[in-house]
2 protein chains.
Amino acid sequence: MARTTDGDGTPVPQRLLAAATRLFAERGYDRTSVQEIVEAAGVTKGALYHYFGSKDDLLHEVYARVLRVQQERLDAFANADEPIEKRLRGAAADVVVTTIENLDDAMIFFRSMHHLSPEKNKQVRAERRRYHERFRALIEEGQESGVFSKATPADLVVDYHFGSVHHLSTWYRPDGPMGPQEVADHLADLLLRALRP
Amino acid sequence: MARTTDGDGTPVPQRLLAAATRLFAERGYDRTSVQEIVEAAGVTKGALYHYFGSKDDLLHEVYARVLRVQQERLDAFANADEPIEKRLRGAAADVVVTTIENLDDAMIFFRSMHHLSPEKNKQVRAERRRYHERFRALIEEGQESGVFSKATPADLVVDYHFGSVHHLSTWYRPDGPMGPQEVADHLADLLLRALRP
DNA sequence: CTGGACAGACTAACCGGTCGGTATGTATCA
DNA sequence: TGATACATACCGACCGGTTAGTCTGTCCAG
């Protein structure tokens with residue numbers, strides 16, 4: 001039997017990543033010791049430093065995973081064969097749902113970026129910008145075609161919406177009165193209503 | 001001459017608070033050592049622990065200051081003798097301006113809450129709720145009188161707006177193309193437009 | 001001479017990361 | 001088939017460095 005799956009069926013690197021994600025979201029990056037991560041994953045430090053170069057690397061992996069997923073989902077909605085209104089609404093609501101379904105990731109994303117090393121921070125920022133720009137392009141397209149109001153610069157509208165997404169990890173509770181889809185519909189509504197000409 | 005004002009005219013406790021605010025915003029709470037704070041303030045650890053019980057206390061003071069100022073300003077706008085639309089717009093825009101003018105505070109506020117001790121965290125949350133509820137009351141008032149749409153629960157609208165305020169510290173740059181008032185007007189516009197019946 | 005306002009040396013606890021070592025799996029060849 | 005050789009996966013003691021907080025002492029105002 002391969003050592004990689006001792007204990008349960010999940011490979012060690014993924015177990016470490018999962019444990020780190022949970023702990024980083026729970027206590028923050030600096031308050032989580034490498035020792036705690038490896039204990040939660042049921043291995044020792046040797047294993048962690050066998051698969052990851054540093055604690056920082058672990059955090060970076062979390063970011064990479066989130067960014068990849070979000071960008072893929074946005075592209076799918078943005079490139080669909082639908083009227084612009086529907087595409088924007090779909091993308092805006094979807095990012096809310098996936099954020100709620102991965103609140104830990106969101107928490108880490110917005111709270112721990114400054115813990116990344118400068119190069120990795122730069123890399124993450126660059127990918128974030130790609131995401132931001134794809135979203136902005138959607139809004140601009142609607143503005144050009146007269147479906148959305150031009151009163152507010154598209155850039156600002158993007159930040160307005162992502163502010164609310166960002167904020168979710170602060171106030172949303174899974175045991176609260178609203179489900180993910182419900183919140184998503186409301187937030188997408190607010191965005192679309194704000195954009196009415 | 002009192003030792004409290006050695007060096008410049010500012011009393012030591014305020015110098016410590018100012019230094020801590022800047023450093024916490026710059027590097028984060030955990031990455032800022034007590035030694036760095038006292039050096040930036042031109043004193044030693046003896047002085048810090050003479051005035052503050054702990055590093056945590058220092059952070060708490062930053063929160064208390066921000067909360068007090070924001071609550072006062074909100075109350076002023078909310079209780080003014082104006083139509084509800086104007087009062088909400090005024091409050092919504094004002095919080096944006098003051099947030100931009102104290103970006104360090106905002107950065108710390110949303111990034112470092114989880115570093116507070118449980119009791120202090122609870123205390124801060126309670127005050128935050130008061131603020132949130134005053135703002136929500138404004139929106140509900142407008143909804144009741146038919147000036148604002150009832151399509152979205154008032155609670156969610158509040159979180160929507162404060163999401164964008166929260167987000168400011170992430171993207172706003174003082175040397176960017178927009179001034180504080182300009183951004184504030186746009187964001188208040190978006191809120192009011194989203195609330196149109 | 002008393003007490004507040006500090007200075008600064010000190011401590012005990014961690015923490016990230018390293019490193020030598022071991023166990024297991026796999027490829028090669030006689 | 002069985003032995004040899006090497007690679008991969010991991011263990012856990014250990015190290016250098018840092019940190020929040022303490023404690024004793026000094027100095028000056030009133």
Side-chain angles (χ1 to χ4, degrees), chain A residues 1-21 23-24 26-62 108 112 114-121, chain B residues 1-21 23-24 26-62 108 112 114-121:
Chain A
M1 188 217 275
R3 302 285 288 291
T4 355
T5 56
D6 260 13
D8 60 24
T10 327
V12 168
Q14 291 178 37
R15 289 217 312 267
L16 283 165
L17 215 54
T21 302
L23 289 168
F24 287 165
E26 204 172 296
R27 318 178 193 188
Y29 179 78
D30 278 323
R31 302 269 170 119
T32 304
S33 73
V34 169
Q35 193 59 41
E36 288 172 321
I37 297 171
V38 298
E39 269 166 26
V43 292
T44 60
K45 286 216 245 184
L48 194 154
Y49 283 95
H50 179 69
Y51 292 109
F52 300 93
S54 62
K55 187 185 173 186
D56 184 87
D57 251 29
L58 215 45
L59 181 59
H60 183 70
E61 279 301 313
V62 176
I108 298 172
S112 304
H114 59 297
H115 292 312
L116 282 172
S117 68
E119 328 111 60
K120 284 175 189 147
N121 198 302
Chain B
M1 188 214 275
R3 303 282 288 291
T4 356
T5 55
D6 259 13
D8 59 24
T10 327
V12 168
Q14 290 177 40
R15 290 219 309 268
L16 283 165
L17 214 54
T21 302
L23 290 168
F24 288 165
E26 205 172 296
R27 321 179 191 186
Y29 179 77
D30 278 322
R31 303 265 171 123
T32 304
S33 71
V34 170
Q35 194 58 43
E36 288 171 322
I37 297 172
V38 298
E39 269 165 26
V43 293
T44 60
K45 289 218 248 186
L48 194 154
Y49 283 96
H50 179 69
Y51 292 108
F52 300 93
S54 63
K55 187 184 173 187
D56 184 88
D57 251 27
L58 215 46
L59 182 58
H60 183 70
E61 279 302 314
V62 176
I108 296 172
S112 304
H114 60 297
H115 293 311
L116 282 171
S117 69
E119 328 111 58
K120 283 174 190 150
N121 198 301

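Protein chains get the first letters and strands the later ones, always in sequence-line order, with residue 1 at the start of each.
Residues passing the salt bridge (Lys or Arg N to Asp or Glu O under 4.0 Å) test with A/Glu39, sequence neighbours excluded: none. In terms of the side chain to side chain donor-acceptor pair (under 3.5 Å) criterion, B/His50 has no residue partners (sequence neighbours excluded). Residues passing the salt bridge (Lys or Arg N to Asp or Glu O under 4.0 Å) test with A/Lys120 are A/Asp56, A/Asp57, sequence neighbours excluded. With sequence neighbours excluded, the residues forming a ring-ring contact (aromatic ring centres under 6.0 Å, His included) with B/Phe24 are B/Tyr29, listed by chain and number. Scored by the side chain to side chain donor-acceptor pair (under 3.5 Å) test, B/Asn121 finds B/Arg125 as partners (sequence neighbours excluded).
Dashed line: the shortest gap from a side-chain N or O of A/His50 to OP1 or OP2 of D/dC10 is not under 4.0 Å.
Summarising the geometry, the separation between CG on B/Asp30 and P on C/dG16 is reported as 11 Å, rounded to the nearest angstrom. One interatomic measurement links the two molecules: CG of B/Leu48 to C1' of D/dA20, which rounds to 10 Å at whole-angstrom precision. Distance CZ (A/Arg31) to P (C/dG16): 13 Å, rounded to an integer number of Å. Regarding A/Tyr51, its OH atom lies at a distance of 18 Å from the P atom of C/dT18, rounded to whole Å. Here the C1' atom of nucleotide C/dG16 and the NE2 atom of A/His115 are 15 Å apart, to the nearest Å. In this entry the distance linking CZ of B/Arg27 with C1' of D/dT18 reads 14 Å, nearest Å. One atom, CG of B/Leu16, and another, C1' of C/dA7, lie 14 Å apart when rounded to the nearest Å. Separating the CG atom of A/Leu58 from the P atom of C/dG16 is a distance of 11 Å, rounded to the nearest angstrom.
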Check nucleotides 21-24 of chain D against the protein and report each pair of N or O atoms closer than 3.5 Å, with its distance, or say if there are none.
residue, atom, partner, partner atom, Å
D/dG21, OP2, B/Tyr49, OH, 2.9
D/dG21, OP2, B/Lys55, N, 3.0
D/dG21, N7, B/Lys45, NZ, 2.8
D/dG21, O6, B/Lys45, NZ, 2.5

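Taking NE2 of A/His115 as the reference point, atom CZ of B/Arg31 lies at 5.5 Å (rounded to 0.5 Å).
Backbone-only engagement by B/Ser33 is indicated by non-hydrogen atom pairs under 4.0 Å involving sugar-phosphate atoms exclusively.
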